[in-house]
Participant: 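Once you've had a glance at the structure underneath, I'll fire off some questions.
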2 protein chains.
Amino acid sequence: MSGIEDVATLAGVSKATVSRALSGRGYVSAETRTRVSAAAATLGYVVSSSASSLVTGRTNNVGVIIPEINQWFFGSIIEGVERALLDRGYDLMLYNTTKTVEERSRVFEYFLVRKRVDAVIAVTLEITAPEAERLLSLGKPIAGIGGPLVGIPTLSIDDIEAARLATEHLLLLGHRDIVHVGGDIDEQMDFHVHSKRLRGYREALEAAGIRYDSDSHVATPFDIPGGYRVGKQLLGDPRRRPTAVFAACDEVGIGVILAARELGLSVPEDLSVIGIDDHPLSEMFGLTSIGQRPDLQGEQAVDWVIRQLEEPGWTPPSKHTFVPARLVIRSSTAPPRR
Amino acid sequence: MSGIEDVATLAGVSKATVSRALSGRGYVSAETRTRVSAAAATLGYVVSSSASSLVTGRTNNVGVIIPEINQWFFGSIIEGVERALLDRGYDLMLYNTTKTVEERSRVFEYFLVRKRVDAVIAVTLEITAPEAERLLSLGKPIAGIGGPLVGIPTLSIDDIEAARLATEHLLLLGHRDIVHVGGDIDEQMDFHVHSKRLRGYREALEAAGIRYDSDSHVATPFDIPGGYRVGKQLLGDPRRRPTAVFAACDEVGIGVILAARELGLSVPEDLSVIGIDDHPLSEMFGLTSIGQRPDLQGEQAVDWVIRQLEEPGWTPPSKHTFVPARLVIRSSTAPPRR
DNA sequence: TTCCCGTGTGCAAACGCTTCCAGAATCCTA
DNA sequence: TAGGATTCTGGAAGCGTTTGCACACGGGAA
């Protein structure tokens, strides 16, 4: 394992020059630079990141806190973040933590406590103002996916708007009897995604002059089996069956479609279904959806923190950023059967 | 940001004693230890990992190379690895890289080149002997999920055996006309998982005295749409329709089930389907499967590398380890109709 | 009593870089 | 031609820890 000293002697220069030549900082003549690079190459030299971190105070690591991995939304974010980080020469330290409050604060302390990351990207993690303050005061940029969050740049789709869009699509097709299959409102984490989507749905309904009652909304876990179970229940009774379902995410929507099929209903003739996400499976099921791109959200968050690190004076948007979500019409929605 | 010096003066001892008290190495009287801890706590002191890495040569990071994130198998591995690593006080550096040869070697160089990780866990990455040699000679333990791989401890289910088990289950039920829907044999990476599963299937068939011909096997991507497309094609022609399908993974199996339903066939009456994985969705579809636990595989790999790091003299198994895979019977398999 | 060993502590030397500073050489401008 | 600005290089001082070594102290064995 050769050090900078070896490279220096081989190239016939000082350690200082090697450092400058290799890092590209400061003046080095072209000739010297090539000689140093050659020496480094023959020795297989590579700088010790601990040593340089020690003096520069930079680790070139970015920490990512994420509550799930095995879900399309979160997995895609990680992919986007990873790609963007590696492109810029940073490494990704992954912290998978559940959403319970204790766990959350433990992880948070963990981050504050470590001198191991230059920045933090928090996915679906409600960081309180004092916590953010503390992190920021340590000079560590932080960005959030989900939000809004005070004092921290955050981004997400506009959940209310997306839900409204989805509901309006159904309304426009002529549906009046639309059930929303969403998440559990009592889950307080997650930036109230569930209640926001419910709200967008209600607002669209009310704008169309349709009464909303508590039967119009049913909660279930955000996965295919969750949608399936609710679908079975909801569609089982013919006299209470809606003509359309707005599912709070595509997995749930797919579950509902499967339940409908199993009950002998055809989609969209007997039932229209719309979801949110544009999940990779949605195309196969013909599921109409409000699409979003979690991978791009991850890239955006990376961009924010890295620019703060590298461009002195640059500051990220001070308010929450809404990323686009667009309607993708497929074959699961149609006018209600006369 | 207070350093060890501050703690030392506050506690009225030397830096050396602080270091020993906090790290638990060397002799420190109980009284001193508590005084130091108190001082550290009031100052909010935390050791600089770069500084201690510089002297100890340890980073407390483990690198994980993985080709995918957004797939159940890989996501579960990451979850298991992350959990095990955090429990032991290590951080996880994630490298998501595709399986193409150039990418692979690039990442590999990347790892060799960095002095940032203490160990490497390679998931589904065929590391060549010289590469392994190099990593090992740097004193960095390495473990692989997938394999076998010479010179590196690896683990995986026994793919041949799993495929045989699945096929035998169908044979035992009385099926003689079984098609294997697997992966593309020409994909050379992945430790030949595809060809191993094909082989287990063939061997079971041959042992039962059933002729295998090239029609018996069809390749498709390892996901639900892949299984669905093949299913549609395969089951479309009634006179060439098998009585059972052995899918190389559950996603494919689920796709086949969906295709069958859509063609009006009922499972298992008209068609039996079995997969491999015991995917979370399989229960909902009643899919019989050969189950495996990627999360535990991840934990096992972590155990190997960490023990090598922490227990001098300990060596991991020198041969490939097969982890258990067990038959989970659900409702997608039954004797063939009449 | 003497000697040795197990404890407890501090000093100072690394660990492998980056960067400030100073000095030398070269170049441009007046 | 003088003088300042620019480019290039090396020496040396850290960065914040860990750890080898030396030393002091006490208790038990001989």
Side-chain angles (χ1 to χ4, degrees), chain A residues 1-37 39-40 43-61 89 113-118 138-139 309-310 312, chain B residues 1-37 39-40 43-61 89 113-118 138-139 309-310 312:
Chain A
M1 187 80 73
S2 49
I4 198 174
E5 186 81 62
D6 306 302
V7 180
T9 50
L10 180 57
V13 294
S14 70
K15 293 192 303 176
T17 301
V18 172
S19 176
R20 279 187 291 251
L22 260 26
S23 69
R25 280 182 286 262
Y27 295 115
V28 180
S29 75
E31 193 253 340
T32 315
R33 187 183 308 277
T34 57
R35 207 149 32 99
V36 169
S37 310
L43 289 170
Y45 167 78
V46 42
V47 332
S48 152
S49 63
S50 355
S52 68
S53 286
L54 182 55
V55 31
T56 61
R58 285 287 171 79
T59 62
N60 279 308
N61 287 157
V113 141
R114 310 313 236 27
K115 294 172 179 159
R116 297 177 147 244
V117 295
D118 293 338
L138 266 92
L309 246 21
E310 298 187 344
Chain B
M1 189 78 73
S2 50
I4 198 173
E5 186 81 61
D6 306 303
V7 180
T9 51
L10 179 57
V13 295
S14 70
K15 295 191 302 175
T17 301
V18 173
S19 175
R20 281 187 286 251
L22 261 25
S23 69
R25 281 181 284 262
Y27 295 116
V28 181
S29 74
E31 194 254 338
T32 312
R33 188 185 307 276
T34 57
R35 207 150 31 98
V36 169
S37 310
L43 289 170
Y45 166 78
V46 42
V47 331
S48 152
S49 63
S50 353
S52 68
S53 285
L54 181 56
V55 32
T56 61
R58 283 286 169 79
T59 63
N60 279 308
N61 287 157
V113 141
R114 310 313 236 29
K115 294 173 180 161
R116 298 178 144 243
V117 296
D118 293 337
L138 268 98
L309 247 21
E310 298 186 345

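We name chains A, B, ... by the order of the sequence lines, and we start the count at 1 in each one.
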Participant: Quick one: B:L22 CG to D:dT18 P, roughly how many Å, whole number?
Facilitator: 8 Å

Participant: To the nearest Å, how far apart are B:R25 CZ and D:dG20 P?
Facilitator: 11 Å

Participant: Heavy atoms only: give me the nearest A:S48-B:L54 pair and the separation to one decimal.
Facilitator: OG-CD1, 4.4 Å

Participant: Expressed as a whole number of angstroms, how long is the span from A:I4:CD1 to C:dT19:P?
Facilitator: 11 Å

Participant: Look at the side-chain N and O atoms of A:S19 and state whether any lies under 4.0 Å from the OP1 or OP2 oxygen of C:dT18.
Facilitator: yes

Participant: Separation of A:L54 atom CG from D:dC15 atom C1', in whole Å?
Facilitator: 4 Å

Participant: B:R58 CZ to C:dG16 P: how many Å, rounded?
Facilitator: 15 Å

Participant: Any idea which heavy atoms bring A:A40 and A:V7 closest together, and the distance?
Facilitator: N-CG1, 3.9 Å

Participant: Could you pull out the closest heavy-atom pair between B:A21 and B:V28, with the gap in Å?
Facilitator: N-CG2, 3.7 Å

Participant: Closest heavy-atom contact between A:D118 and A:N60?
Facilitator: OD2-N, 2.7 Å

Participant: Would you indicate which nucleotide in C:dC17, C:dT18, D:dG16 comes nearest to any side-chain atom of A:A51?
Facilitator: C:dC17

Participant: Applying salt bridge (Lys or Arg N to Asp or Glu O under 4.0 Å) as the test, list every pair that has at least one member in residues 13-31 of chain A; sequence neighbours left out.
Facilitator: A:E31-A:R35

Participant: For B:S52, answer base if it contacts any base atom (sugar-phosphate contacts may also be present), sugar-phosphate if it contacts only those atoms, and nothing otherwise; contact means non-hydrogen atoms under 4.0 Å.
Facilitator: sugar-phosphate

Participant: Which pairs, protein N/O on one side and nucleotides 8-12 of chain D N/O on the other, fall under 3.5 Å?
Facilitator:
residue: D:dT9; atom: OP1; partner: A:S29; partner atom: OG; Å: 3.3
residue: D:dT9; atom: OP1; partner: A:T32; partner atom: OG1; Å: 2.4
residue: D:dT9; atom: OP2; partner: A:S29; partner atom: N; Å: 3.0
residue: D:dT9; atom: OP2; partner: A:T32; partner atom: OG1; Å: 3.2
residue: D:dG10; atom: OP2; partner: A:S14; partner atom: N; Å: 2.9
residue: D:dG10; atom: OP2; partner: A:S14; partner atom: OG; Å: 3.2
residue: D:dG10; atom: OP2; partner: A:T17; partner atom: OG1; Å: 2.7
residue: D:dG10; atom: N7; partner: A:R20; partner atom: NH2; Å: 2.8
residue: D:dG10; atom: O6; partner: A:R20; partner atom: NH1; Å: 3.1

Participant: Is a donor from one side chain sitting under 3.5 angstrom from an acceptor on the other, for B:S14 and B:T17?
Facilitator: yes

